[in-house]
Amino acid sequence: MDPKSKKSAGILFILLPTVAYGGFSLLGFLLDAHSGYMDNPLRQNLWRAGHAHAGVLIILSLVILKYIDEARLSEGTKQLIRWGVPSTAILIPAAFFFSMLRPSDKQPNGLIYLAYIGFFILIVTLITLGIGLLRKTD
């Protein structure tokens with residue numbers, strides 16, 4: 001494994017427990033009748049989605065590191081991909097969490113658009129990696 005990918009993996013493995021902590025926090029909200037969490041179904045759904053996306057995208061970030069090293073791409077492009085997918089593990093969940101912070105919120109605020117930015121980055125990085133893997137070797 002390329003040393004840059006190995007370092008990225010180390011950082012991601014250190015960050016992965018934050019997703020577990022998020023699940024622990026959600027469990028606390030579910031068990032605390034005074035948290036207001038159960039009073040707002042849209043907020044519940046967005047926070048569940050945020051937590052799920054964070055976990056899946058960090059795992060995807062770890063998986064693609066092996067493939068980045070095999071792709072025929074410039075070192076700069078590889079570095080962008082190494083951090084493109086992990087950045088979506090921040091942007092997309094942040095959109096879900098921060099767009100409805102208060103239990104009394106009825107609709108998401110403008111931060112929900114971070115999800116679209118994260119989605120765009122995710123798609124561009126994954127397509128670029130795919131192209132790099134499909135390039136013929138000389």
Side-chain angles (χ1 to χ4, degrees):
M1 179 179 262
D2 182 280
K4 292 175 188 147
S5 292
K6 188 175 179 181
K7 183 177 181 178
S8 298
I11 292 168
L12 290 168
F13 274 116
I14 290 170
L15 292 176
L16 193 53
T18 63
V19 177
Y21 178 75
F24 178 76
S25 297
L26 283 179
L27 180 61
F29 290 144
L30 285 168
L31 298 176
D32 180 3
H34 303 292
S35 71
Y37 182 74
M38 296 302 291
D39 300 336
N40 190 331
L42 179 58
R43 185 172 181 242
Q44 285 177 41
N45 289 334
L46 286 172
W47 282 34
R48 264 196 314 261
H51 181 67
H53 280 80
V56 168
L57 290 169
I58 287 181
I59 299 299
L60 177 63
S61 298
L62 288 164
V63 169
I64 68 163
L65 289 174
K66 286 291 202 178
Y67 292 100
I68 290 170
D69 296 339
E70 302 298 322
R72 287 199 63 218
L73 298 166
S74 70
E75 277 306 310
T77 303
K78 287 181 179 182
Q79 193 64 5
L80 285 173
I81 294 170
R82 274 186 199 101
W83 293 109
V85 177
S87 72
T88 68
I90 295 168
L91 289 170
I92 295 172
F96 294 138
F97 294 135
F98 296 132
S99 67
M100 290 194 72
L101 280 176
R102 295 180 306 245
S104 61
D105 289 341
K106 300 293 181 213
Q107 291 186 8
N109 63 35
L111 291 175
I112 195 70
Y113 294 106
L114 287 175
Y116 292 103
I117 296 168
F119 178 73
F120 177 78
I121 293 169
L122 179 65
I123 295 305
V124 169
T125 55
L126 291 177
I127 289 173
T128 303
L129 177 57
I131 290 168
L133 289 168
L134 293 172
R135 284 180 157 175
K136 291 187 179 193
T137 56
D138 295 334

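Just so you know, these numbers come straight off a predicted model, no measurement behind them.
Put simply, OG on Ser25 and CG on Leu30 are 11.0 Å apart, with the number rounded to the nearest 0.5 Å. Of the inter-residue distances, the one linking Thr128 atom OG1 with Leu73 atom CG reads 7.5 Å to the nearest 0.5 angstrom. Note: Ile59 CD1 to Ile64 CD1 = 12.5 Å, rounded to the nearest 0.5 Å. Annotation: the span from Lys4 atom NZ to Leu65 atom CG amounts to 13.0 Å, rounded to 0.5 Å. From Phe98, atom CZ reaches atom CG of Asn109 across 10.5 Å, with rounding to the nearest 0.5 Å. Taken to the nearest 0.5 Å, the NZ atom of Lys106 stands 6.0 Å off from the CG atom of Asn40.
Cluster annotation: Phe13 and Ile68 are assigned to the same hydrophobic cluster (Ile/Leu/Val/Met/Phe/Trp/Tyr, side-chain heavy-atom contacts under 4.5 Å, transitive). In terms of hydrophobic clustering, with Ile, Leu, Val, Met, Phe, Trp and Tyr side chains grouped at heavy-atom distances under 4.5 Å, Leu60 and Met1 are assigned to a common cluster. One hydrophobic cluster, built from ILVMFWY side chains closer than 4.5 Å, cannot hold both Ile123 and Ile117; they sit in different ones. Leu129 and Leu12 fall within the same hydrophobic cluster, where Ile, Leu, Val, Met, Phe, Trp and Tyr residues are linked whenever their side-chain heavy atoms come under 4.5 Å apart, directly or through other members. By the rule that hydrophobic residues join a cluster once side-chain heavy atoms approach within less than 4.5 Å of another member, Ile92 and Leu42 end up as members of one cluster.
Here the side chain of Asp105 pairs a donor or acceptor atom with the backbone of Leu101 at under 3.5 angstrom. No donor-acceptor pair under 3.5 Å is formed between the side chain of Arg72 and the backbone N or O of Arg135. A donor-acceptor pair is defined here as one N or O able to donate and one able to accept, closer than 3.5 Å; such a pair exists between the side chain of Trp47 and the backbone of Met100. Of the possible donor and acceptor atoms, none in the side chain of Ser99 sits under 3.5 Å from a partner among the backbone N and O of Pro108. With hydrogens and angles disregarded, no donor-acceptor distance shorter than 3.5 Å links the side chain of Asp2 to the backbone of Asp69. Side-chain atoms of Lys78 do not come within 3.5 Å of backbone N or O of Ser5 as any donor-acceptor pair.
Taking every heavy atom of both residues into account, Arg43 and Arg102 meet most closely at CD-O, 3.6 Å. Closest approach of Gln44 and Asp39 over heavy atoms only: NE2-N, 4.3 Å. Contact detail for Pro86 and Ser61: the closest heavy-atom pair is N-OG, 3.3 Å. Considering all non-hydrogen atoms of both residues, Ile112 and Phe96 come closest at CD1-CD2, 4.0 Å. Here the shortest heavy-atom pairing between Trp83 and Ser8 reads CZ2-OG, 3.3 Å. Between Leu57 and Thr88, the shortest heavy-atom distance links the atoms CD1-O, 3.5 Å.
Atom CD of Gln107 has 12 or fewer neighbouring heavy atoms from other residues, nucleotides or ligands inside a 6.0 Å radius.
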Side chain to side chain contact (heavy atoms under 4.5 Å, CB included) evaluation trace for Thr125 with Leu80: CA-CA 8 Å; Thr125 55; Leu80 285 173; 5.9 Å; no

CA sep, side-chain torsions, deciding dist, call: Leu114, Ile90, side chain to side chain contact (heavy atoms under 4.5 Å, CB included): CA-CA 9 Å; Leu114 287 175; Ile90 295 168; over 6 Å; no

